[in-house]
S.K.: 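First the structure, then my questions, so here it is.
A, B, ... follow the sequence lines: proteins, then strands. Residue 1 opens every chain. Note that the structure is predicted; figures quoted are calculated from it, not measured.
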2 protein chains.
Amino acid sequence: MAVKSAGIRDVAQLAGVSVTTVSHVLNDTPNMRVSVETRARVRHAAKTLGYGPNRMAQALRTNRSGLIGLLSEEIATTPHAGRIILGAQNAAREHDLTLVIINTERDAGGTSHRDDVQALIDRQVDAVLYATMYHRSVSLPPNLQDLPAVLIDSTDRAGIVPAVVPDEVGGAVAAVTHLVEAGHTRIGFLNNDDDVPATHLRFAGYRQVLQAHDIPFDEDLVFSAPSETLPGYGLARELLGRSDRPTALFCYNDRMAMGAYRAATELGLEIPRDLSIVGFDNQELIAANLFPGLTTVALPHYEMGVWAVETLVHLLHGEAEYRLIADKPALLDCPLVIRGSVAQPRAN
Amino acid sequence: MAVKSAGIRDVAQLAGVSVTTVSHVLNDTPNMRVSVETRARVRHAAKTLGYGPNRMAQALRTNRSGLIGLLSEEIATTPHAGRIILGAQNAAREHDLTLVIINTERDAGGTSHRDDVQALIDRQVDAVLYATMYHRSVSLPPNLQDLPAVLIDSTDRAGIVPAVVPDEVGGAVAAVTHLVEAGHTRIGFLNNDDDVPATHLRFAGYRQVLQAHDIPFDEDLVFSAPSETLPGYGLARELLGRSDRPTALFCYNDRMAMGAYRAATELGLEIPRDLSIVGFDNQELIAANLFPGLTTVALPHYEMGVWAVETLVHLLHGEAEYRLIADKPALLDCPLVIRGSVAQPRAN
DNA sequence: ACGTTTTGCCAAAACGTCTTGGCATAGATA
DNA sequence: TATCTATGCCAAGACGTTTTGGCAAAACGT
C-alpha cells in the first residue's frame with residue numbers, strides 16, 4: 001500500500017552528486033557553493049523522483065519538529081473554537097508548520113492542564129497555542145514556560161506569555177455607536193453578570209459612547225443576568241414592559257438578544273420598527289436565523305488564530321523579543337455585522 | 001528555555017545497563033530476556049529522569065509517526081466538525097496517536113483535495129480520516145489509496161474505503177415514532193429538497209413509521225424546500241394555515257424547525273399544546289434556545305470520530321481486513337433528544 | 001563431568017537527514 | 001613561477017531510537 005518514496009540518496013544518485021550537495025541545494029543553505037548547473041540538475045532530479053524530505057529524519061537532525069500544538073478548551077461546544085482552529089491551521093500551513101490539536105477540559109482541576117501541555121511537549125511540538133473558550137484571565141501550567149507559547153482569547157495572569165484577545169471595548173463602541181447614529185438615545189443594555197473581562201469591557205464601551213455623544217447615563221437602563229436566552233428574555237420583558245421603555249437594546253451576546261426577540265414579540269413590538277437590537281458574538285446559527293437577522297458584533301476568532309501562529313513564527317525565528325510582546329495583550333478588531341435589527345426610532 | 005530532556009542513554013547509564021536493555025524494558029518487547037530486578041532498575045531510572053522517548057527518533061526508526069491526519073471540510077462553519085474532531089482526538093489519545101488537522105474546502109475543484117491528502121502524506125501521517133460536513137457520497141482523491149483511510153459522514157462512491165455514517169433512517173424512525181406514541185396521526189413532514197442521502201433516508205424513516213402503525217400516507221402532508229429557516233417558515237405557514245392542519249411536524253433539520261416555530265407563533269398556535277414539533281441535527285444553539293426547547297434527533301458526530309479512529313487502529317494493527325470493513329458503511333445511532341416541543345394532540 | 005539449552009545482557013548497524021571540516025582544482029595576486 | 005584565495009564538491013559523523021545477532025554464564029540433562 002504505502003509506496004516507499006524516494007530519499008535524498010536517490011536524488012543524489014540521479015543527479016550524479018553527493019547527498020551533501022542535494023541537501024544544500026534543496027535547503028538553499030546560505031552561502032553554499034554549488035554551481036548553477038548542478039543546482040538545476042539536482043532540482044530536476046528531485047522533481048522527477050517526486051522527492052519530499054522525510055520530516056521525521058529532518059526533525060531528528062535539526063531538533064525542530066515543525067509541529068505546533070493547539071491546546072483548546074471545549075472544542076465541541078462552540079463554533080468559536082472552530083474558527084480559531086481554522087485561522088491557526090491556515091497560517092500554520094503558510095509557514096509549513098503542522099497543527100496538532102489537543103482538547104482540554106475547561107475547569108479540570110489539579111494537574112490536568114499541565115498534563116495536556118506535557119502531552120504536547122512529549123510529542124516534540126516546537127511551540128504551543130493555548131486557547132480558551134471565552135475571554136478571560138488564566139494562570140498557566142508551569143511547564144508552558146519550557147517552550148514558546150501564545151495565548152488566544154485569554155491573558156496570562158502573570159503577564160509572561162504573549163496573548164491576543166478581542167477588542168471588547170471597540171466592539172461595544174461600534175455596536176452602540178451604530179444605534180446612536182440611527183438616532184437612538186434611550187438605549188438599554190442587557191449585560192452578563194459574570195465577573196469576566198467582557199462584562200466590564202463591553203459595559204465600558206457602552207458608557208464611552210454615551211459620554212461621547214452627551215447622552216446621560218441612566219442606570220435604570222442597565223440590567224444584568226446570566227448570559228443565556230432565558231435570562232435575556234426575562235430582563236427584556238421587564239425593561240420593555242415599562243412605560244419609558246428604551247427604543248433600542250444592546251445585548252451582551254446573541255443568546256440574550258434571542259431572548260429579547262421573544263420578549264419583543266410577546267409585547268407586540270416589531271423589530272426593528274418599534275425596537276432596535278444589537279447583539280454580540282455573531283453566532284451565525286442564531287443571528288442569521290432570527291427574523292429579522294440580528295445585527296451584531298463579530299469576535300475575531302479566525303484572526304486571533306492567525307495572529308497567534310504568526311507571532312509564534314516570529315518568536316521561533318528569533319525575530320521578536322518574547323518579553324516585548326508579552327507586555328500587553330494584542331487587541332483585535334471586533335467588526336459590526338449589520339443585518340436587519342436596527343432602524344431609526346419611531347417618531348412618537 | 002526548552003530544557004534538553006533525558007535520552008535513553010542517560011537512563012541506561014543510571015540503571016547500569018545497555019541502551020538495548022532499556023529499549024526492551026520500556027517497550028515490553030515480546031519475549032525479551034531481562035531479569036525482573038533489572039527491569040525494575042530500568043523503570044526506576046526512567047522515572048527519576050523523567051524520561052520520555054523522542055518521538056521523532058522513534059518514528060524514523062520504526063517508520064511509524066504516530067500521526068493521523070484528519071482532513072475536514074469547513075471546520076469553521078459548523079459545530080458538527082468540532083464534535084468529530086473531539087471524538088477523534090479523544091480516541092487517538094487513547095491509543096497514543098496524535099491528530100493533525102487539515103482544513104479543506106468543500107467544493108474546491110481540480111486537484112485541491114489531492115493536494116491536501118498529499119500534504120498529510122508528506123507529513124508522514126500513518127493514516128488519514130476524511131470527514132465531510134454532511135452525509136453524502138464522494139469520489140476520493142487517488143492518493144488516498146496509498147495509506148489506510150476511513151471516511152466520516154460520507155461514503156466512497158467507489159466502495160473501496162471504509163466509512164461511517166449516521167443511521168438517518170433510524171433517527172427519523174425514532175423521531176416520528178415519538179410523535180406517534182404521543183398520539184399523533186396527522187404528522188406533517190418538512191423535508192429538504194436537495195438530492196442528498198439524508199433527504200431520502202429521513203423520508204424513508206417517516207414512511208416506515210406510518211406504515212408500521214397503519215397510518216395512511218398522505219402526500220399533502222409532505223413539503224420540500226431548501227433546508228433553511230426561511231423556507232421552513234414558509235412551508236410551515238402554508239401547511240399550518242390549512243383547516244385540516246397536522247397536529248405535529250417532523251422537520252428535516254433544526255433550522256427548518258426554527259422557521260416552523262415562528263409560523264406557529266404567528267398563527268397563534270402554542271407549542272406543544274397546539275402543535276408538536278420534532279427537528280433533526282440537535283444544533284444546541286437553536287434547539288436548546290427555542291421556547292420551548294426543541295425535541296430533536298442528534299447526529300452521532302462524536303461517535304463517528306471515535307469509530308473512525310478505532311477502525312484505523314485495527315487496520316494499522318492488521319487486526320481487520322480492509323475490504324471487509326469497506327464493504328458496507330457502518331451506521332451509527334441517532335438518538336432522540338427530548339426537550340419540550342412534543343405533547344399529546346389536543347382533544348378537539 | 002560433559003554437552004546442551006536457557007537466561008541475561010550487549011555491541012553495532014540502521015532509519016534519512018543536516019552539517020562540519022575537509023580536499024582538490026581554477027583563478028587571482030605577487 | 002610560486003603563492004594565495006575562491007569555488008565546487010564530498011566523506012563522514014551525528015541526531016535518538018529499534019532491532020539483529022551475538023556471547024558469556026547459569027541451569028539442566030545424562
Side-chain angles (χ1 to χ4, degrees), chain A residues 2-43 45-46 49-67 96 121-126, chain B residues 2-43 45-46 49-67 96 121-126:
Chain A
V3 204
K4 191 179 149 38
S5 62
I8 202 178
R9 272 198 276 272
D10 305 300
V11 178
Q13 189 172 352
L14 179 55
V17 296
S18 72
V19 293
T20 306
T21 304
V22 174
S23 176
H24 282 144
V25 171
L26 296 183
N27 292 323
D28 272 327
T29 309
N31 53 30
M32 81 181 119
R33 294 175 318 209
V34 177
S35 72
V36 179
E37 303 87 46
T38 307
R39 288 185 217 209
R41 237 177 33 252
V42 169
R43 293 233 168 74
L49 290 179
Y51 169 78
N54 180 318
R55 308 296 262 254
M56 299 306 151
Q58 251 177 348
L60 178 58
R61 183 60 237 255
T62 61
N63 210 23
R64 302 172 97 270
S65 64
L67 260 34
D96 202 33
I121 293 178
D122 287 345
R123 279 167 175 76
Q124 264 80 45
V125 300
D126 291 338
Chain B
V3 204
K4 189 178 151 39
S5 60
I8 201 175
R9 270 197 280 270
D10 305 300
V11 178
Q13 189 172 352
L14 179 56
V17 298
S18 74
V19 294
T20 305
T21 304
V22 174
S23 177
H24 282 143
V25 171
L26 297 183
N27 292 323
D28 272 326
T29 309
N31 52 32
M32 80 180 120
R33 294 176 318 207
V34 178
S35 72
V36 180
E37 303 87 44
T38 307
R39 288 184 218 211
R41 236 171 42 246
V42 169
R43 293 234 166 75
L49 290 179
Y51 170 78
N54 180 318
R55 310 295 263 252
M56 300 305 151
Q58 249 177 350
L60 178 58
R61 184 60 235 255
T62 62
N63 209 23
R64 303 171 101 269
S65 63
L67 262 31
D96 202 33
I121 293 178
D122 287 346
R123 282 168 173 75
Q124 263 82 45
V125 299
D126 291 337

S.K.: When you match B:Val36 and B:Thr62 each to their closest nucleotide on DNA chain C, which lands nearer the 5' end?
M.R.: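 In this pair, the answer is B:Val36.
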S.K.: What is the distance from CZ of B:Arg9 to P of D:dT17, rounded to the nearest Å?
M.R.: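 Those two atoms, CZ and P, are 8 Å apart.
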S.K.: What integer distance in Å separates B:Arg39:CZ from C:dT7:C1'?
M.R.: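 Answer to the nearest Å: 12 Å.
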S.K.: Under 4.0 Å from OP1 or OP2 of C:dC18: is there any side-chain N or O of A:Ser23 that close?
M.R.: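 Looking at the OP1 and OP2 atoms of C:dC18, one of them is under 4.0 Å from a side-chain N or O of A:Ser23.
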S.K.: In whole Å, what is the span from the CE atom of B:Met32 to the P atom of C:dT7?
M.R.: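 In whole Å, C:dT7 P lies 14 Å from B:Met32 CE.
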S.K.: If you check every side-chain atom of A:Thr20, which of D:dA12, D:dG16, C:dC15 has the closest atom?
M.R.: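 Looking only at heavy atoms from C-beta outward on A:Thr20, the closest nucleotide is D:dA12.
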S.K.: Can you tell me the distance, in whole Å, between the CZ atom of A:Arg33 and the C1' atom of C:dT25?
M.R.: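 A:Arg33 atom CZ is separated from C:dT25 atom C1' by 12 Å.
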S.K.: OP1 or OP2 of C:dG16 versus the side-chain N and O atoms of A:Gln58: is any pair under 4.0 Å?
M.R.: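 No.
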S.K.: Please say which of B:Val11, B:Thr38, B:Asp10 ends up in a side-chain contact (heavy atoms from CB on, under 4.5 Å) with B:Val22.
M.R.: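 Considering B:Val11, B:Thr38, B:Asp10, a side-chain contact (heavy atoms from CB on, under 4.5 Å) with B:Val22 is found only for B:Val11.
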S.K.: Using whole Å, what does the distance between atom C1' of nucleotide C:dT19 and atom CD1 of A:Ile8 come to?
M.R.: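 So the two atoms are 11 Å apart, to the nearest Å.
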S.K.: One pair to check against side-chain contact (heavy atoms from CB on, under 4.5 Å): B:Arg55 and B:Asp96. What are the steps and the verdict?
M.R.: CA-CA 11 Å; B:Arg55 310 295 263 252; B:Asp96 202 33; 3.2 Å; yes
S.K.: Take atom CZ of A:Arg61 and atom C1' of C:dT19, then tell me their distance rounded to the nearest Å.
M.R.: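 Those two atoms, CZ and C1', are 5 Å apart.
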S.K.: Can you confirm whether the side chains of A:Ser23 and A:Thr20 place a donor and an acceptor under 3.5 Å from each other?
M.R.: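 There is no such pair (donor and acceptor under 3.5 Å, judged by atom type) between the side chains of A:Ser23 and A:Thr20.
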S.K.: Would you say a side-chain N or O of A:Asn27 is under 4.0 Å from OP1 or OP2 of C:dC18?
M.R.: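 Yes, such a contact exists.
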S.K.: To the nearest Å, how far apart are A:Met56 CE and C:dT17 P?
M.R.: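 It is 12 Å, rounded to the nearest whole Å.
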S.K.: Give the C-alpha distance, both sets of side-chain angles, the deciding distance and a yes or no for side-chain contact (heavy atoms from CB on, under 4.5 Å) between A:Leu26 and A:Tyr51.
M.R.: CA-CA 10 Å; A:Leu26 296 183; A:Tyr51 169 78; 3.6 Å; yes
S.K.: Go ahead and write out DNA chain D as dot-bracket, 5' to 3': ( ) for pairs within the strand, [ ] for ones crossing earlier pairs, | when the partner sits on another strand, dots for unpaired; Watson-Crick or G-U wobble, both distances under 3.5 Å.
M.R.: ||||||||||||||||||||||||||||||
S.K.: Determine, step by step, whether B:Met56 and A:Leu67 satisfy the side-chain contact (heavy atoms from CB on, under 4.5 Å) criterion, reporting the C-alpha distance in whole Å, the side-chain angles of both residues, the deciding distance to 0.1 Å, and the verdict.
M.R.: CA-CA 11 Å; B:Met56 300 305 151; A:Leu67 260 34; 4.0 Å; yes
S.K.: Using only modelled atom types and a 3.5 angstrom limit, is any donor from either the side chain of A:Ser35 or the base of D:dT7 paired with an acceptor on the other?
M.R.: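 In this structure, the two groups form no donor-acceptor pair.
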S.K.: Starting from C1' on C:dC18, measure out to CZ on A:Arg64 and report it in whole angstrom.
M.R.: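 After rounding, the gap between these two atoms is 14 Å.
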S.K.: Verify, without hydrogens or angle tests, whether A:Arg39 (side chain) and A:Val25 (backbone) share a donor-acceptor contact under 3.5 angstrom.
M.R.: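 Between the backbone of A:Val25 and the side chain of A:Arg39 there is no qualifying donor-acceptor contact (under 3.5 Å).
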S.K.: Please pick, from D:dT17, C:dC10, D:dG13, the nucleotide with the shortest atom-to-atom distance to any side-chain atom of B:Val17.
M.R.: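 Out of D:dT17, C:dC10, D:dG13, the nucleotide with an atom closest to B:Val17's side chain is C:dC10.
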S.K.: Please tell me which of the listed nucleotides, C:dT17, D:dG16, D:dC9, lies nearest to the side chain of A:Val34?
M.R.: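 In terms of side-chain proximity for A:Val34, the closest of C:dT17, D:dG16, D:dC9 is D:dC9.
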S.K.: Could you please name the option among C:dC15, D:dT19, C:dC18 that lies closest to any side-chain atom of B:His24?
M.R.: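 Out of C:dC15, D:dT19, C:dC18, the nucleotide with an atom closest to B:His24's side chain is D:dT19.
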S.K.: Within the structure shown, what part of the strands sits under 4.0 Å from B:Thr38 by heavy-atom distance: base, sugar-phosphate, or nothing?
M.R.: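 If one applies the 4.0 Å heavy-atom cut-off, B:Thr38 turns out to touch the sugar-phosphate alone, with no base involved.
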S.K.: Mapping A:Val19 and A:Arg41 to their closest nucleotides on DNA chain D, which lands nearer the 5' end?
M.R.: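 Per heavy-atom nearest nucleotide, the more 5' residue is A:Arg41.
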S.K.: So how far is it from A:Arg123 CZ to B:Ser65 OG, rounded to the nearest 0.5 Å?
M.R.: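 Rounded to the nearest 0.5 Å, the CZ-OG separation comes to 11.5 Å.
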